[in-house]
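Order of the sequence lines sets the chain letters (A, B, ...), proteins ahead of strands, with each chain counted from 1.
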There are 2 protein chains.
Amino acid sequence: MNIGDAATKAGLPAKTIRYYEDIGLVKPARDANGYRAFVQSDIHKLTFLARARALGFSIEDCRDLLALWEDSSRASSDVRRIAQEHLARIETKIADLEDMRDTLKTLVRDCAGDDRPDCPILNRLGDPA
Amino acid sequence: MNIGDAATKAGLPAKTIRYYEDIGLVKPARDANGYRAFVQSDIHKLTFLARARALGFSIEDCRDLLALWEDSSRASSDVRRIAQEHLARIETKIADLEDMRDTLKTLVRDCAGDDRPDCPILNRLGDPA
DNA sequence: CTTGACCTTCCAGTGAGTGGAAGCCCTATG
DNA sequence: CATAGGGCTTCCACTCACTGGAAGGTCAAG
């Protein structure tokens with residue numbers, strides 16, 4: 001299977017798949033003409049990667065998860081730890097964004113948004129006191 | 001005032017201030033010895049930038065906000081629009097992260113996290129059906 | 001035989017800095 | 001007066017996870 005079909009099946013851009021090969025996440029064989037030849041297990045890996053990335057796992061996390069996935073003797077605690085650390089990072093990020101959101105909401109609410117120059121948003125950024 | 005003191009006052013790393021000069025956000029004068037010489041208005045600008053960045057505005061948003069801040073004849077509607085667009089992006093990002101968080105929470109909850117290889121997290125990533 | 005879609009590699013750029021090297025400048029101390 | 005240290009300068013490379021584009025090879029259809 002060529003890269004275009006692999007991309008369709010895995011739900012990833014072809015460019016991304018080439019990049020994943022570059023960094024050693026997948027190692028598709030090559031046809032005589034130099035085209036990448038994806039087999040079913042490559043597609044599985046790519047699909048796995050697409051799902052893990054969609055859940056926000058970093059590439060390095062994905063590399064580890066993929067290794068664990070391939071390792072039938074793995075301990076599920078290893079996977080769980082990675083997922084839990086990622087979950088903690090996500091929750092921190094959500095909290096940070098919620099703080100920003102609340103502040104911005106207040107500012108936007110208080111701003112008349114008309115033709116006059118007076119603007120609480122700029123006032124706050126320039127001098128929050 | 002040298003860059004170190006400016007950094008302390010504005011709450012930004014010196015490196016970041018140099019970077020902001022590089023991209024034209026601030027234009028401090030220079031002493032005879034080549035050192036940057038920050039005056040009060042530079043510190044104000046840097047402080048403004050630090051606050052806007054802390055609220056998650058992009059550098060380009062900051063550039064626009066700074067220009068509006070300096071423009072006494074601005075319309076507050078311009079500022080409001082920028083803030084509202086940013087707010088919308090933040091809310092989208094929060095929603096995305098919340099989706100990830102919910103999925104991850106379920107997976108982590110269902111994973112025994114012991115020495116056995118069976119792992120719902122990997123199962124889900126490999127075959128979500 | 002040509003067209004057009006596909007594939008290849010390689011180079012450069014994104015955002016917003018951060019790290020580090022090499023080398024000046026300034027002040028304080030012995 | 002020499003030197004040690006800290007701070008300042010520039011410049012280059014690196015981060016993360018791609019993405020865009022150029023230049024050129026390959027393949028199937030008409």
Side-chain angles (χ1 to χ4, degrees), chain A residues 1-39 42 45-46 48-66 82 85-86 89-90 93 96-97 100, chain B residues 1-39 42 45-46 48-66 82 85-86 89-90 93 96-97 100:
Chain A
M1 187 170 6
N2 284 348
I3 199 169
D5 294 326
T8 305
K9 293 222 178 187
L12 287 172
K15 278 241 154 184
T16 299
I17 296 178
R18 289 194 196 99
Y19 171 69
Y20 286 173
E21 184 185 12
D22 262 15
I23 62 174
L25 287 179
V26 284
K27 300 181 181 44
R30 297 289 180 136
D31 283 336
N33 59 13
Y35 285 20
R36 289 170 183 80
F38 294 85
V39 295
D42 294 320
K45 272 201 204 183
L46 290 170
F48 180 99
L49 288 168
R51 294 207 189 99
R53 292 287 302 131
L55 281 175
F57 284 103
S58 73
I59 289 286
E60 287 317 303
D61 277 350
C62 288
R63 198 187 296 278
D64 295 344
L65 290 171
L66 204 50
I82 295 174
E85 286 170 6
H86 179 42
R89 280 193 297 273
I90 286 183
K93 197 171 289 183
D96 289 350
L97 287 172
M100 287 183 198
Chain B
M1 188 170 3
N2 285 348
I3 199 168
D5 295 327
T8 305
K9 292 222 177 187
L12 286 172
K15 278 241 155 185
T16 299
I17 296 178
R18 290 195 196 98
Y19 171 69
Y20 286 174
E21 184 184 14
D22 261 15
I23 63 174
L25 286 179
V26 283
K27 299 181 182 45
R30 296 288 179 137
D31 284 336
N33 60 11
Y35 286 19
R36 289 169 184 79
F38 294 85
V39 296
D42 294 320
K45 271 200 204 184
L46 289 170
F48 180 99
L49 287 169
R51 295 207 189 100
R53 291 288 300 130
L55 281 175
F57 284 103
S58 72
I59 289 286
E60 286 317 302
D61 277 349
C62 288
R63 198 187 296 280
D64 295 344
L65 290 171
L66 204 50
I82 294 173
E85 285 170 6
H86 178 44
R89 280 192 298 272
I90 285 182
K93 198 170 289 182
D96 289 350
L97 287 171
M100 288 183 198

Quick one: is C/dT18 close enough that its OP1 or OP2 comes under 4.0 Å of any side-chain N or O from B/Thr16?
yes
Using heavy-atom distances to pick each residue's nearest nucleotide on DNA chain D, tell me which of B/Ile3 and A/Asn33 is more 5'.
B/Ile3
If I take atom CZ in residue B/Phe57 and atom C1' in nucleotide C/dG17, what distance separates them, rounded to the nearest angstrom?
20 Å
Kindly say whether, by distance alone, the side chain of A/Tyr35 makes a donor-acceptor pair under 3.5 Å with the base of D/dG25?
yes
Measure CG/B/Asp5 against P/D/dG7 and give the value in whole Å, please.
10 Å
Should B/Tyr20 be listed as having a side-chain N or O under 4.0 Å from OP1 or OP2 of C/dA16?
no
Worked verdict on A/Leu65 versus A/Phe48 for side-chain contact (heavy atoms from CB on, under 4.5 Å):
CA-CA 9 Å; A/Leu65 290 171; A/Phe48 180 99; 4.0 Å; yes
Taking for each residue the nucleotide of DNA chain C bearing the nearest heavy atom, is the 5' side occupied by A/Ala37 or by B/Tyr19?
A/Ala37
Atom pair distance, as rounded to whole Å: CZ in A/Arg30 and P in D/dG25
17 Å
May I ask you to test the B/Ile3-B/Glu21 pair for a side-chain heavy-atom distance under 4.5 Å?
no
When rounded to whole Å, the NZ to C1' distance for the pair B/Lys15 and C/dA21 reads 10 Å
OP1 or OP2 of D/dT9 versus the side-chain N and O atoms of B/Arg36: is any pair under 4.0 Å?
yes
In whole Å, what is the span from the CG atom of A/Asn2 to the P atom of C/dC6?
11 Å
Starting from C1' on C/dT18, measure out to CD on B/Glu21 and report it in whole angstrom.
18 Å
Send over the distance from B/Ile23 CD1 to C/dT14 P, rounded to a whole Å.
12 Å
Atom pair distance, as rounded to whole Å: CZ in B/Arg18 and P in C/dG20
14 Å
Indicate whether OP1 or OP2 belonging to C/dG15 is found under 4.0 Å from a side-chain N or O atom of B/Ser58.
no
Report yes if some heavy atom in the side chain of B/Phe38 is under 4.5 Å from a heavy atom in the side chain of B/Asp5; otherwise report no.
no
Ignoring backbone atoms, test whether A/Arg53 places a side-chain nitrogen or oxygen under 4.0 Å from the OP1 or OP2 oxygen of D/dC16.
no
Answer yes or no: is there a side-chain heavy-atom contact under 4.5 Å between B/Ile59 and B/Arg53?
yes
Do B/Arg63 and B/Ile23 have side chains that approach each other closer than 4.5 Å (heavy atoms only, starting at C-beta)?
yes
